[in-house]
Amino acid sequence: MTTQLTRQELESHLWKSADILRGSIDSSDYKNYIFGLLFIKRLSDVFEERRQELVTEHGEEIGQLLADDPEQYQFYVPPTARWEVIRQHSEDIGTSINVAFEALENENQTLEDVLTPIDFNRKDVLTDSVLQRLLQHFSQLNLANSNLSEPDMLGRSYEYLIKMFADDAGKKGGEFYTPSKVVELIVKLIKPEEGMRVYDPTCGSGGMLIQSVDYVKARGGNPQALSLFGQEKNLGTWAIAKMNLLLHGLPDHKVVKGDTIREPKLVEDGELMLFDRVIANPPFSLKEWGREEAEGDVYGRFQYGIPPKNAGDYAFIQHMVSSLKADGVCGVVMPHGVLFRGGAEGKIRQGLLESDMLEAVVGLPSGLFYGTGIPACVLIFNRNKPAERKGNVLFIAGEEDFQEGKNQNTLRESDVEKIVKAFDAYEDVEKYAKVVSLEDIKANDFNLNITRYVDKTEEEEMIDLNAVLADLRQLEEEQAEKKATLNGFLRELGIGEK
């Protein structure tokens, strides 16, 4: 009996594939090539496995007929895209991989534009020798379902790679990856349920949508009953998200390409689609976010005002709030500036507060995100706040609870649970959480700075002056005794006063 592939073995093998590319191309580009080959190897192995099953089940003659029927497969892999065919090429390997990607897309509508943006025919950096080594390296893996020790391990390994590539890319990593614990926190705050529509307007590599599925699954719900939607501006990142969702066994999703603010693609009958849960980590204080288009917005997203040209934070917030159903909940990561900046942003903040949709402001530690050390916060908006929460906002000061790291800080499980517990209880916790009325916030000019409401100052200990004086007298007496003893020794030695 052959030993199944473990997740640790798979992750180690995949990460070593980056070593083959090291020195040939920029590290921020590794992911496109490695994800592309991983994806086509997986599809090819599952296809061959299914072909064999059909022959075994139905006998040689009927089985072979069925094996050539694309309807028998989730993804039909045409001959030119099968791994063994790609492996036969010793020259122009990049071209053969590009041809394989195109053939796969032509046969499977859900893969349209997912693979062809990855160009392997870059002979200046991707020589036949390098590609031969890469193909040989991936050939050592059998990614058929029967050879995987865990059902979801390919998806998990893909996420591991995304994180590793984000680490490697440094600042650029933040463009496609939000740290897993931050995502987990927001998902636990907005609590998606089976049957809901979940949307991420800046979905990156799809991690927030996948963790929403994991949350439902962990609570005994049917993850396939969750409808996933997303939009992503960067074509390469969009392709990674599509592959990520497919490798997690989530084919029934709708993740579209494009600029969410300038051109929202998820619309129905000329109106924005509405969702039960909206979750996102938009780019912080994005410049040139699309102010000109916002002034003529046909979807009515900017009813509280148009944000300044050089900071798109409130453009994303208003888009997300506009995308909520009447009882929808939204969780979004933002820089602290949105809590207190004035001008146009101050007016928008006031409008959102007066509409009584803001449910909580959660302060996060600094250094959690790639490419920026600034502290961030999570804002929770709820179009239908529970009666006991109406007219109030909960402030949670979670800035000091984290695990310090060399390059990046991280939230621990206990830090996440502490925040979630405080949010669920929605009551004051000394030096940590405070329920504040909208009247009090209005009295503070609608400023949402957490330190205004959560007092974290330590009380100074009262000093007992009499005790201090007594201690001083005792020290003086001890010093005098020691001096007298020392003088006695000196006299015996004939030194000092006689």
Side-chain angles (χ1 to χ4, degrees), residues 35-51 53-54 66 69-78 81-83 100-118 143-148 150-159 161-162 176 187 192-200 203-218 221-232 235-258 265-266 273 275-277 279:
F35 287 149
L37 285 181
L38 171 64
F39 193 72
I40 200 168
K41 180 69 166 77
R42 164 68 171 168
L43 261 53
S44 190
D45 287 354
V46 171
F47 175 82
E48 294 298 341
E49 181 180 45
R50 176 68 179 143
R51 270 175 75 87
E53 282 172 4
L54 290 167
L66 289 170
D69 177 11
E71 295 295 317
Q72 300 296 322
Y73 305 89
Q74 184 189 353
F75 295 104
Y76 180 76
V77 181
R82 292 172 197 170
W83 189 259
F101 283 172
E102 194 172 347
L104 257 179
E105 286 187 11
N106 290 339
E107 284 287 348
N108 302 276
Q109 197 178 351
T110 53
L111 298 180
E112 187 181 350
D113 292 338
V114 173
L115 296 163
T116 46
I118 310 167
L143 300 177
N145 288 324
S146 58
N147 196 47
L148 304 182
E150 304 166 39
D152 194 26
M153 81 184 232
L154 208 77
R156 293 282 169 244
S157 297
Y158 194 88
E159 281 175 45
L161 268 187
I162 292 173
F176 60 87
V187 170
E193 297 172 17
E194 82 175 32
M196 285 186 170
R197 299 208 303 193
V198 181
Y199 168 51
D200 183 343
C203 71
S205 51
M208 290 189 164
L209 297 175
I210 287 162
Q211 283 218 36
S212 297
V213 170
D214 291 343
Y215 179 87
V216 169
K217 197 189 297 182
N222 176 10
Q224 299 297 335
L226 210 60
S227 301
L228 305 176
F229 298 82
Q231 184 160 342
E232 173 53 42
L235 182 61
T237 306
W238 169 83
I240 289 170
K242 291 281 288 184
M243 286 188 267
N244 197 5
L245 289 158
L246 291 168
L247 288 173
H248 275 86
L250 299 166
D252 299 323
H253 61 264
K254 187 171 185 183
V255 175
V256 294
K257 303 186 293 282
K265 296 279 183 71
L266 294 168
M273 281 179 74
F275 304 92
D276 302 282
R277 296 291 183 268
I279 181 170

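Residue numbers start at 1 and run along the sequence shown. Keep in mind the model is a prediction, meaning the values are calculated, not measured.
A donor-acceptor pair is defined here as one N or O able to donate and one able to accept, closer than 3.5 Å; no such pair exists between the side chain of Glu194 and the backbone of Ala225. Using a distance-only test at 3.5 Å, with no hydrogens or angles considered, no donor-acceptor pair links the side chain of Gln231 to the main chain of Val256. Put simply, the side chain of Glu105 gets close to the backbone of Thr116: a donor and an acceptor are under 3.5 Å apart. Side chain of Asn244 to backbone of Ile240: no donor-acceptor contact under 3.5 angstrom is found.
Applying the side chain to side chain contact (heavy atoms under 4.5 Å, CB included) criterion to Glu53, with sequence neighbours excluded, gives Glu49, Arg50, Glu57. A search for side-chain hydrogen bond (donor to acceptor under 3.5 Å, both in side chains) contacts involving Thr110 returns nothing, not counting sequence neighbours. Taking the side chain to side chain contact (heavy atoms under 4.5 Å, CB included) definition, one finds that Asp252 meets it with nothing, sequence neighbours left out. Under the rule for a ring-ring contact (aromatic ring centres under 6.0 Å, His included), the partners of Phe35 that lie at least two apart in sequence or sit in another chain are Tyr158, Phe165. In terms of the ring-ring contact (aromatic ring centres under 6.0 Å, His included) criterion, residue partners of Phe47 (sequence neighbours excluded) are, by chain and number, Tyr73, Tyr76. Remark: Phe101 pairs with Phe120 by the ring-ring contact (aromatic ring centres under 6.0 Å, His included) rule, at least two apart or across chains. With sequence neighbours excluded, the residues satisfying side chain to side chain contact (heavy atoms under 4.5 Å, CB included) with Asn106 are Glu102. Considering only residues two or more places apart in sequence or on other chains, Arg277 meets the side-chain hydrogen bond (donor to acceptor under 3.5 Å, both in side chains) condition with none of them. Residues satisfying the side-chain hydrogen bond (donor to acceptor under 3.5 Å, both in side chains) test with Ser227, not counting sequence neighbours, are none. Shown here are the side-chain hydrogen bond (donor to acceptor under 3.5 Å, both in side chains) partners of Asp214, two or more places apart in sequence or in another chain: Arg156. Not counting sequence neighbours, the partners of Glu48 by the side chain to side chain contact (heavy atoms under 4.5 Å, CB included) test are Arg51, Arg82.
A distance of 6.0 Å separates CG of Leu250 from CD of Gln224, quoted to the nearest 0.5 Å. Summarising the geometry, atom CG belonging to Leu143 is positioned 6.5 Å from atom CG belonging to Leu148; distances are rounded to the nearest 0.5 Å. Rounding to the nearest 0.5 Å gives a distance of 4.0 Å between CE of Met273 and CZ of Phe229. Here the CG-OG distance, from Asp45 to Ser146, works out to 9.5 Å after rounding to the nearest 0.5 Å. The line from CD1 of Ile40 to CG of Leu115 is 6.5 Å long, rounded to the nearest 0.5 Å. To the nearest 0.5 Å, atoms CD1 (Ile279) and OG (Ser212) are separated by 4.5 Å.
Residues His248 and Val213 form no side-chain contact, since every pair of their non-hydrogen atoms from C-beta on lies 4.5 Å or further apart. Between Leu246 and Leu111 the shortest side-chain heavy-atom distance falls below 4.5 Å. Between Val114 and Trp238, the closest side-chain pair of non-hydrogen atoms falls below 4.5 Å. With contacts defined as side-chain heavy-atom distances shorter than 4.5 Å, the pair Met208/Val187 does not qualify.
Pairs engaging residues 239-249 under the salt bridge (charged side-chain N to carboxylate O under 4.0 Å, His left out) rule: none recorded [sequence neighbours left out].
Nearest heavy atom pair, residue Ala241 against residue Gly206, reads CB-N, 3.9 Å. Gly221 and Pro223 make their closest contact through O-CD, 3.2 Å (heavy atoms, listed as atom of the first residue, atom of the second, distance). In this structure, Pro251 and Gln74 approach most closely via the heavy-atom pair CB-NE2, 3.6 Å. Nearest heavy atoms, Val216 versus Pro192: CG2-O, 3.6 Å. Residues Val255 and Cys203 share a closest heavy-atom pair of CG1-SG, 3.7 Å.
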Checking Leu209 against His253 for the side chain to side chain contact (heavy atoms under 4.5 Å, CB included) test, could you report, in this order, the C-alpha distance in whole Å, the side-chain angles of both residues, the deciding distance, and whether it holds?
CA-CA 10 Å; Leu209 297 175; His253 61 264; over 6 Å; no
Passes side chain to side chain contact (heavy atoms under 4.5 Å, CB included), Lys257 versus Asp113? Steps please.
CA-CA 10 Å; Lys257 303 186 293 282; Asp113 292 338; 3.3 Å; yes
Begin from the C-alpha positions of Val198 and Asp276 and carry the test side chain to side chain contact (heavy atoms under 4.5 Å, CB included) through to its verdict.
CA-CA 6 Å; Val198 181; Asp276 302 282; over 6 Å; no
Passes side chain to side chain contact (heavy atoms under 4.5 Å, CB included), Phe39 versus Leu154? Steps please.
CA-CA 10 Å; Phe39 193 72; Leu154 208 77; over 6 Å; no
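Applying the 6.0 Å contact sphere to CD of Glu150 captures more than 12 heavy atoms from other residues, nucleotides or ligands. Shown here is Lys265, whose NZ atom has more than 12 heavy atoms of other residues, nucleotides or ligands within 6.0 Å.
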